Amino acid sequence: MGLSEAPHLVGSGVVVTGLSVGFRGTRRALDDVSFAVDGGVVGILGPNGAGKTTLLSVLATALRVPAGQAWVGGHDVGTPSGRRAARGLIGWLPQRFDLAGGMSVQDTVAYAAWSNGADPAQSFVLAQDALALVDLSDRARERVRRLSGGQRQRLGLAAAVAHRPPVLLLDEPSVGLDPQQRLRFRASIRAAASDRIVLLSSHLLEDVAQVCDRVAVMDRGRVLFLGSTAELAALGQSSDGGAGSTEATTPLEAGYLHALEGDTDQAPS
Amino acid sequence: MTRAATRPVPILVLTAMAAGVLALTVLGTFSVTSWAYADWTAVSAVTRESQVYTGPWVAAWCAWIAGRYLGPRSMLCLPSAARSGARIVTAHAGVITAGALAGFAAGLAPVLWSTGQRATYGSLDWLVLAGSVAVLLMFCSVGYLIGCALPRAASVIAAATAAFAVILLAETWGPVVAPLRLSTPSVGLYETGTVAAFRVVFFTALALALVVASARIVADRTTTRSVGNYVGLAVLVVPLLLGGVARAAGPDAVVREARPPASCTRVGSVPVCVHTAKATLLPAVATAVDKVLTSVDDKPAVPLTGVSDAALGRTTAPDVLVMDLQTADGNWAGWAAADVAGYISGQQACNQRGDASGDAAEAAIDQADVSFGITAWLTQAAGYTAPLNRSETADQVADTFTRLPTIQARQLYERFAPQIAACQLSSSALP
């Protein structure tokens, strides 16, 4: 199980081949991206503007596929019917999301479960489970507006997982959280990832190191590295030091910086 | 955890919207219940006209609902949601329609019940009512679409404003495709079945097209704005073309009854007739005619061979007073008496005068004031009050007649009868 360059797993998981997305007037947000994920937690690392959000938005069916192909659970999200079919399989936590401040925490999650396809009668139970997963059961009856930033982020995660999707897309989920909140949030993600594919974008190496089995390093719309976190760390240890590598404090960080410099033979063609 | 949590729209939100519809419908229709008689034509029409209030209300609520649940980054229904698109829009539309119709039906109950109890003629025009329902749903759909297209708090204001704009432009659209009209037809007139049926079809089609467009917009939601997100609006072309053709054809939306039924009585030799719908008013109308004629000892300066309700249509018969009963006013009998008094004070002759200038104009104004003064005196002498808008000269003339003993006042009136009938009595000629 894990991450590979070869898109041979169309029948399950997440598969992307030659995906390119261009925004008018700027360079391409995604440039010929290909990879396949058939299980586990995959971190998508990269600096701001690397294309992480665009990639997850395409997989979440919130952006069209202008060139290339993308499958989620065997459904081509480049076609309307494929998008419709894939939507039941996806749980998405966008980088920025809105919540209705006047709604209760439990109603928010139950509503999200229902809108994501859950049976109305089951939505309550699903919401309770999701809130337990993110350790918010004790705040279930609170109004959303009374939650802290970290609690809102965990609520977002609960809303994304409540319908028990096999594919979970998390876009910079720990941005803006303080260290303690991040610890709790990572625990929530680990719990949510136990039985599904998770793609987690981040520019925080700590998050990836703590949560992910596999990692993809992106920059300027291209995937520069695909492999396990251990392989990325090994890449850092084996490198003889580039301009950034000398400033790295951990092997993973060194590997990441090394990958960004493009000095790796693990980048897809 | 409550089951209400996963209803498409929480019951509290629906209840608030429906309660507002109820209250505003009562507000918009209640005045008809205070009319001196029960008029099914007017009641049918106000089911539509009352939406001058309910239209913006439901539009604003529907925009709020759409914006709350369907913003492109709302965790409640992200673009990635399985129910995103037609499924959630139809779920919303179903409960919104149910809530709005429940409020509307409850709001109409008082006026329908009251009219049912009092009416002596006609019945509710179901096609007009169906058209009103279609208009209400159209307002809901307009607000919902705006909420989907502009999922921000401002969409609420935009939706209410759009609804008001549609209402304010009612006269511009023309009577066939205008959501509502600014004047309410009453008995004697009726809304043609063809136009009423067309309106049901047109506004239902428009509401459905707006819902389809909303579904397309929601289904096509992306995290980036683009023209492609709004291609669903193209579906609106169909009903708009339909409306354009109908507007160009310009059929009469409201026509007069061909043979309106009359209820009549006699005051001396003068027949007094009203539309059968106003039969309950006939004794009071006859009494007003009798008392005014008695004030001049049954010797009116202007021949009076009949009094006829305007709802019966204009008449070519000579010397017949066609009376537009002010039944929406509690003092309608006073106004009826003033109408009779005005008729026998020569006001028709005053009204028929052509334009004049210089001294002739001053004389004409003075003579019209005299006619008004005599009208006021006669109305008062008959035992009625009517707040006529009188000039100083008219007040002086009324005082002159009022101060005189009844016999002398009648003699004065009789003496100047030819001049009064021709509207040629000057104030200087009076004592």
Side-chain angles (χ1 to χ4, degrees), chain A residues 23-24 53-54 57 59-64 72 77 80 83-100 102-104 106-125 127-128 131 140-141 144 152 155-156 158-160 163 165 169, chain B residues 1-13 16 64-92 94-95 147-148 150-153 155-156 215-229 231-232:
Chain A
F23 290 134
R24 192 168 39 185
T53 295
T54 304
S57 296
L59 294 174
T61 73
L63 274 184
R64 299 291 170 266
V72 174
V77 298
R83 276 198 293 278
R84 276 197 297 277
R87 282 174 174 168
L89 309 175
I90 296 166
W92 181 34
L93 181 63
Q95 188 175 351
R96 287 184 295 138
F97 59 85
D98 299 330
L99 294 164
M103 278 179 92
S104 74
Q106 62 187 10
D107 285 356
T108 299
V109 179
Y111 198 96
W114 173 78
S115 75
N116 278 304
D119 183 82
Q122 291 182 340
S123 299
F124 315 112
V125 177
Q128 282 176 324
L131 288 173
R141 293 183 184 281
V144 170
R152 279 172 170 258
L155 173 59
H163 60 295
L169 308 170
Chain B
M1 196 168 291
T2 60
R3 185 174 175 78
T6 55
R7 291 208 169 96
V9 179
I11 199 78
L12 198 62
V13 173
W64 183 84
I65 290 167
R68 180 182 176 91
Y69 294 106
L70 302 177
R73 298 185 190 281
S74 169
M75 283 307 292
L76 296 170
C77 186
L78 285 165
S80 61
R83 284 194 164 90
S84 186
R87 290 179 70 187
I88 197 159
V89 170
T90 49
H92 279 174
V95 293
C148 290
L150 306 168
R152 300 285 183 278
S155 68
V156 174
R216 287 299 313 160
I217 286 174
V218 174
D220 292 342
R221 278 182 307 168
T222 62
T223 50
T224 55
R225 288 199 174 280
S226 72
V227 176
N229 294 4
V231 291

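Everything numeric here is computed off the predicted structure, so don't read it as measured data. Sequence lines set the chain letters: A, B, ... in the order given, protein chains first and strands last, and positions in each chain run from 1. Values reported hereafter were calculated over all heavy atoms of this structure, with side chains retained and with hydrogens, waters and symmetry mates removed.
Of all the heavy atoms in B:R68 and A:G102, the pair that sits closest is NH2-C, 4.2 Å. Minimum heavy-atom separation, A:P94 to B:L78: CG-CD2, 3.7 Å. In terms of heavy-atom proximity, B:P79 sits nearest to A:A62 at CB-CB, 4.0 Å.
Here B:R87 contributes atom CZ and A:R87 contributes atom CZ; the two are 11.0 Å apart, rounded to the nearest 0.5 Å.
Note: A:A100 leads A:A100, A:A86, A:A113 in heavy-atom pairs under 4.5 Å with chain B. Ranked by heavy-atom pairs under 4.5 Å with chain B, the first of A:G117, A:P165, A:A160 is A:G117.
Remark: A:L99 engages A:F97, A:T108, A:V144, A:R152, A:L155, B:M75 in a side-chain contact (heavy atoms from CB on, under 4.5 Å) (not counting sequence neighbours). Applying the side-chain contact (heavy atoms from CB on, under 4.5 Å) criterion to B:S74, with sequence neighbours excluded, gives B:L76.
In this pair, A:Y111 and B:Y69 present their aromatic rings parallel. The plane angle is below 30°, not in the 30 to 60° band.
Not a single donor-acceptor pair under 3.5 Å links the side chain of A:R83 to the backbone N or O of B:A219.
The only member of A:L89, A:L59, A:V77, A:T61 that meets side-chain contact (heavy atoms from CB on, under 4.5 Å) when paired with B:S80 is A:T61.
For A:R84, no part sits under 4.5 Å from any heavy atom of chain B, backbone or side chain.
B:I88 is listed as a side-chain neighbour of A:S115, based on a closest heavy-atom distance under 4.5 Å.
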